[in-house]
Amino acid sequence: MNRLDISKKRAELLQGLDVRLEVNEGRNRFVCYSGKIKDLYPYVFTFEAFLYGEFRLLSFSYVDLMTKRIKIYPPAEKNQDVLS
């Protein structure tokens with residue numbers, strides 16, 4: 001099992017649970033989203049986030065999880081990193 005398969009499995013285990021994503025957009029810019037991992041596909045997963053008063057569907061790749069561009073936290077805890 002390679003590292004990409006491990007990232008896919010971790011996303012699969014958290015599918016449907018309330019989580020918080022912290023996305024590194026480069027140059028010290030971080031964006032946080034609260035929501036749920038909705039669907040899993042072979043190379044990407046979708047994340048349903050509540051933004052600006054409505055639900056939005058965002059997509060991320062498993063490579064982002066593997067390279068730690070995206071970190072997933074439980075919703076109430078900020079310091080405990082689940083998928084890094």
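Throughout, numbering of the chain's residues begins at 1 and tracks the sequence. Worth saying up front: this structure is predicted, and the values here are computed from it rather than measured.
Without hydrogens or angle criteria, Arg69 side chain to Asn24 main chain gives a donor-acceptor distance under 3.5 Å. With Arg3 contributing its side chain and Met66 its backbone, the two residues share a donor-acceptor pair below 3.5 Å.
Considering only heavy atoms from C-beta on, Asp18 comes within 4.5 Å of Lys36 through its side chain. With a 4.5 Å cut-off on side-chain heavy atoms, Leu65 and Arg10 do not count as touching.
Two different hydrophobic clusters hold Leu57 and Tyr52 under the rule that ILVMFWY side chains link at heavy-atom gaps under 4.5 Å. Linking Ile, Leu, Val, Met, Phe, Trp and Tyr residues whenever their side-chain heavy atoms come within less than 4.5 Å places Leu40 and Ile72 in a single cluster. In the hydrophobic cluster analysis, where Ile, Leu, Val, Met, Phe, Trp and Tyr join through side-chain heavy atoms closer than 4.5 angstrom, Phe47 is grouped together with Leu51. Criterion: ILVMFWY side-chain heavy atoms under 4.5 Å apart, direct or through other members. Under it, Val23 and Val63 are part of a common hydrophobic cluster.
Ring pair Phe60/Phe45 is tilted by interplanar angle, where 30° to 60° counts as tilted.
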- Message: Quick one, Tyr62 with Asp5, criterion side chain to side chain contact (heavy atoms under 4.5 Å, CB included). Give me CA distance, side-chain angles, the key distance, then yes/no.
- Response: CA-CA 9 Å; Tyr62 299 112; Asp5 291 334; over 6 Å; no
- Verify side chain to side chain contact (heavy atoms under 4.5 Å, CB included) between Leu21 and Lys71, making sure each step is shown before the conclusion. CA-CA 6 Å; Leu21 281 184; Lys71 294 183 179 180; over 6 Å; no
- Task: Begin with the C-alpha distance, continue with both residues' side-chain angles, and end with the deciding distance and a verdict on side chain to side chain contact (heavy atoms under 4.5 Å, CB included) for Leu17 and Ile37.
- Result: CA-CA 7 Å; Leu17 300 176; Ile37 296 175; over 6 Å; no
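Closest approach of Pro74 to Arg20, counting heavy atoms only: O-CB, 4.3 Å.
The neighbour count for Tyr43 OH, taken as heavy atoms of other residues, nucleotides or ligands under 6.0 Å away, does not exceed 12.
Among Val19, Ile70, Leu58, the single residue meeting the side-chain contact (heavy atoms from CB on, under 4.5 Å) criterion with Tyr33 is Leu58.
Note: Leu13 CG to Gln15 CD = 10.0 Å, rounded to the nearest 0.5 Å. Between atom OG of residue Ser59 and atom CG of residue Asp39 there is a gap of 11.5 Å, rounded to the nearest 0.5 Å.
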